Amino acid sequence: MSERKRANTPTVKELERVLFGGRRSGNHVDEVWPNLFLGNMSIANDRYSLWKLGISHVLNAAHGKQHCEGGPEFYGSSVEYYGVPADDSPSFDLSRYFQPCADHIHRVLNSPGARLLVHCAVGVSRSASLVLAYLMIYQQLPLLEAIITVKQHRWIFPNRGFLKQLRALDIRLYGSENSAPERRAPQRT
């Protein structure tokens, strides 16, 4: 892939302006990248709808939270489950899950026939942040491009703390405007 020059990482306020634009309602689930679905707890708790969508894997970004318990016992052997016990709080350190979840998403999407649902309670903050981190780490999309890519399919709005953590990831992965982008090879699992 050729190196691209890019502008500085947008500020949190600039990112919020981009996120606030466009449609502000969403479905229970949307395909935001090939075979990668972003959704809410309603779809995650509907095994029949998941079966109709061909979902083979679920990443729950609200594991253990009220109404988002999920787990292997709920899905049985037909769906592989991965849980992240994240709070939708600006002070919660979601960044510690960026690389492990990106690795998991990458592994799943490289499995033949796999279709992955990433969800939290509403499907706009925790789960969206993990999908954005995956797109940044494995698809080499700068944060703003990742947001625009997902927003073409689903309205998202990560909380301010998660946006700050995603900005830090963007800066770490791509450097600043005055230097060539530093593309770090993704860590393989």
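In this text the structure is predicted, and so the values were computed from the model without any measurement.
- Between L135 and V32, the closest side-chain pair of non-hydrogen atoms is not below 4.5 Å.
- At a threshold of 4.5 Å between side-chain heavy atoms, the hydrophobic network of Ile, Leu, Val, Met, Phe, Trp and Tyr places F157 and I148 in one connected group.
- A single hydrophobic cluster is seen to contain both L144 and F20, as judged by linkage of ILVMFWY side chains at heavy-atom distances under 4.5 Å, directly or through other members.
- Atom CG of L166 sits about 5.5 Å away from atom CG of L143, to the nearest 0.5 Å.
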Exercise for review: List the steps, then state whether side-chain contact (heavy atoms from CB on, under 4.5 Å) holds for L59 with H119.
Suggested key: CA-CA 6 Å; L59 190 164; H119 80 89; over 6 Å; no
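- Looking at every heavy atom in both residues, L19 comes nearest to W155 through O-NE1, 3.3 Å.
- E16 has a carboxylate O that lies under 4.0 Å from a charged side-chain N of R160, or vice versa, which qualifies the two as a salt bridge.
- The two residues L169 and R172 come nearest to each other via the heavy atoms CD1-NH2, 2.9 Å.
- Considering every non-hydrogen atom in both G39 and L117, the closest pair reads N-CD1, 3.7 Å.
- Salt bridge absent: R167 and E14 never bring a charged side-chain N and a carboxylate O closer than 4.0 Å.
- Listed by chain and number, the residues in a side-chain hydrogen bond (donor to acceptor under 3.5 Å, both in side chains) with R17 amount to none (sequence neighbours excluded).
- A distance of 5.0 Å separates CG of D88 from CG of N159, quoted to the nearest 0.5 Å.
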Review point. Should L38 and D30 be marked as a side-chain contact (heavy atoms from CB on, under 4.5 Å) after you check the CA-CA gap, both sets of side-chain angles, and the distance that decides it?
Key: CA-CA 5 Å; L38 188 53; D30 296 287; 5.6 Å; no
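- We find the SG-CG distance between C120 and L94 to be 9.5 Å, quoted to the nearest 0.5 Å.
- Contact annotation: the side chain of I156 approaches that of K151 to within less than 4.5 Å [non-hydrogen atoms, C-beta and beyond].
- A donor-acceptor pair is defined here as one N or O able to donate and one able to accept, closer than 3.5 Å; no such pair exists between the side chain of Q152 and the backbone of I147.
- Between Y138 and H106, the ring-plane angle classifies as parallel under the 30° and 60° cut-offs.
- Looking at H63 and V84, their side chains never come closer than 4.5 Å, going by heavy atoms from C-beta outward.
- Inter-residue side-chain proximity for M136 and F98 is flagged as unmet; no heavy-atom pair is nearer than 4.5 Å.
- M41 contributes atom CE, which lies 13.0 Å from atom CG of D46 (distance to the nearest 0.5 angstrom).
- A donor-acceptor pair under 3.5 Å is absent between the side-chain atoms of Q139 and the main chain of Y134, judged by distance alone.
- Within the 4.5 Å cutoff, side-chain heavy atoms of L109 are placed close to those of L36.
- In the model, N40 has a side-chain atom that pairs as donor or acceptor with a side-chain atom of H28 under 3.5 Å.
- Interatomic distance, CD1 of I55 versus CG of N35, reported as 8.5 Å (0.5 Å rounding).
- By the 4.5 Å heavy-atom criterion applied to side chains, F74 and R47 are counted as neighbours.
- R115 forms no cation-pi arrangement with F37, by the criterion of a distance under 6.0 Å to the ring centre and an angle within 45° of the ring axis.
- Rounded to the nearest 0.5 Å, atoms NZ (K164) and OG (S95) are 13.0 Å apart.
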Practice item. Might you work through the side-chain contact (heavy atoms from CB on, under 4.5 Å) test for L50 and I43, ending with a clear yes or no? Key: CA-CA 7 Å; L50 294 179; I43 193 70; 4.1 Å; yes
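- The shortest non-hydrogen separation linking C101 to Y82 is SG-CE2, 3.8 Å.
- Within the 4.5 Å cutoff, the side chain of L132 has no heavy atoms near those of the T149 side chain.
- Residues passing the side chain to side chain contact (heavy atoms under 4.5 Å, CB included) test with A114, sequence neighbours excluded: S56, H57, V108, S111.
- Residues Y75 and V58 are in side-chain contact: their nearest non-hydrogen atoms beyond the backbone lie under 4.5 Å apart.
- Listed for the Y97 side chain is no donor-acceptor partner under 3.5 Å among the backbone atoms of A102.
- One side chain, Y81 or N60, offers a donor N or O that lies under 3.5 Å from an acceptor on the other.
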